[in-house]
Amino acid sequence: MDFKLREWHNDDLDSMFKHANNYNIAKFLTDRFPHPYTYDDAKEYFSSISRQYPTQVFAISIDGEAVGSIGLFPQTDIHAKNAEMGYWLSEEYWGNGIMPEAIKQIVDYGFKTFDITRIFARPFGTNLQSQRVLEKAGFTLEARFEKALFKNGVFIDELIYAIRKI
């Protein structure tokens, strides 16, 4: 399935609200990505990413519609050579090979754009699909922290996957 990564636009608010308001997405993300996901949540998200330069967060676009998001978040201090990656995709597009390719594109962009040598992601131990996506994109499991996260009343393992600049 063809997609492209592009900057978010204000006219993406409706599609952001439509695709992000899904429990099956929110259950694998931090509590900053709430469920239900409201129109105000979408506006707040847009406000937070619109001030970034260079661009850190991109829309995943299919046929012009924003159906997901992927971003890099450069770290600071002693972690300054690292960036955390986060992503989500509308459930209706799961299983189409979009995320491994989107991750490869953002990794390439990240290493060319930011002064970093490592990109990492922190999927939940319960998110087997995300773990497979990261492995398909060339990431390696570096660590597992048992029951380090608390989400929806349950302790969950936190995994650390990473890829390094060659």
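Residues take their numbers from the sequence shown, with the count starting at 1.
A donor-acceptor pair is defined here as one N or O able to donate and one able to accept, closer than 3.5 Å; such a pair exists between the side chain of Ser48 and the backbone of Tyr45. Within the 3.5 Å criterion, the main-chain N or O of Asn24 finds a donor-acceptor partner in the side chain of Asn22. A donor-acceptor pair is defined here as one N or O able to donate and one able to accept, closer than 3.5 Å; no such pair exists between the side chain of Ser61 and the backbone of Lys4. Using modelled atom types, no side-chain atom of Arg122 and backbone atom of Met85 make a donor-acceptor pair closer than 3.5 Å.
Residue Trp88 is grouped with residue Trp94 when hydrophobic side chains (ILVMFWY) are merged at heavy-atom distances under 4.5 angstrom, including chains of intermediate members. In the hydrophobic clustering of ILVMFWY residues, with side-chain heavy atoms under 4.5 Å counting as a link, Met99 and Phe124 come out apart. Hydrophobic cluster membership differs between Val154 and Leu128, with clusters built from Ile, Leu, Val, Met, Phe, Trp and Tyr side chains linked at under 4.5 angstrom. Hydrophobic clustering (ILVMFWY, side-chain heavy atoms < 4.5 Å, transitive): Phe28 and Tyr37 are in distinct clusters.
Ring geometry, Tyr39 versus Phe17: the interplanar angle exceeds 60°, so the pair is classed perpendicular (tilted spans 30 to 60°). Below 30°, between 30° and 60°, or above 60°: for Tyr109 and Phe114 the angle between ring planes is above 60°, a perpendicular geometry.
Counting only heavy atoms from C-beta outward, the side chains of Leu141 and Ile160 never approach each other to under 4.5 Å. Side chains of Thr140 and Ile163 form no contact here, defined as non-hydrogen atoms less than 4.5 Å apart. A 4.5 Å side-chain heavy-atom check between Ile70 and Val57 finds every atom pair outside the cut-off. Inter-residue side-chain proximity for Phe111 and Ile119 is flagged as met; some heavy-atom pair is nearer than 4.5 Å. Side-chain atoms of Glu65 and Lys18, non-hydrogen and from C-beta on, do get closer than 4.5 Å to each other. Looking only at side-chain heavy atoms (C-beta outward), Lys81 and Asp115 come within less than 4.5 Å of each other. You'll find the side chain of Asn152 reaches within 4.5 Å of the side chain of Tyr23, heavy atoms only.
Minimum interatomic distance between Leu134 and Pro123 (heavy atoms only, all atoms of both residues): CD1-CG, 3.8 Å. Minimum heavy-atom separation, Ala80 to Ile116: O-CG2, 4.0 Å. For the residue pair Val133 and Pro100, the shortest heavy atom distance occurs at CG1-N, 3.9 Å. Nearest heavy-atom pair, Ile103 versus Phe139, reported as atom, atom and distance to 0.1 Å: CG2-CE1, 3.5 Å. Of all non-hydrogen atoms in Glu146 and Asp157, the two that sit nearest each other are CA-OD1, 3.2 Å. Ser90 approaches Ile25 most closely through the heavy-atom pair CA-CD1, 4.0 Å.
Looking at Lys165, Gln75, Glu142 one by one, the single match for side-chain contact (heavy atoms from CB on, under 4.5 Å) with Arg118 turns out to be Glu142.
When only modelled atom types and interatomic distance are considered, Tyr87 and Ser130 share a side-chain donor-acceptor pair under 3.5 Å. When only modelled atom types and interatomic distance are considered, Glu7 and Thr55 share a side-chain donor-acceptor pair under 3.5 Å. Judged purely by distance below 3.5 Å, without hydrogens or angles, the side chains of Glu91 and His19 never pair a donor atom with an acceptor atom.
To the nearest 0.5 Å, atom CD of residue Gln105 and atom CZ of residue Phe58 are 10.0 Å apart. Distance check: Asn10 CG to Lys43 NZ gives 11.0 Å after rounding to the nearest 0.5 Å. Distance CG/Asn82 to CZ/Phe120: 6.0 Å, rounded to 0.5 Å. Taken from CG in Asn127 to CD in Glu158, the straight-line distance is 13.0 Å, to the nearest 0.5 Å. Atoms CZ and CZ, on Phe155 and Phe150 in that order, are 5.0 Å from each other to the nearest 0.5 Å. A distance of 8.0 Å separates CZ in Phe3 from CD1 in Ile62, rounded to the nearest 0.5 Å.
The pair Asp41-Arg32 does not meet the salt-bridge criterion, since no charged nitrogen lies less than 4.0 angstrom from a carboxylate oxygen. The residues Lys104 and Asp108 are annotated as not salt-bridged, no charged nitrogen and carboxylate oxygen being separated by less than 4.0 angstrom.
Within 6.0 Å of the CG atom in Asp63, the count of heavy atoms belonging to other residues, nucleotides or ligands does not exceed 12. Enclosure of atom CD in Glu92 by more than 12 non-hydrogen atoms of other residues, nucleotides or ligands within 6.0 angstrom is indicated. The 12-atom threshold is exceeded at NE2 of His9, counting heavy atoms of other residues, nucleotides or ligands nearer than 6.0 Å.
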task = Given side-chain contact (heavy atoms from CB on, under 4.5 Å), test Lys147 with Ile156 step by step and report yes or no.
result = CA-CA 5 Å; Lys147 297 181 179 162; Ile156 303 169; over 6 Å; no
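Between Phe46 and Trp8, the gap from one ring centroid to the other is short of 6.0 Å.
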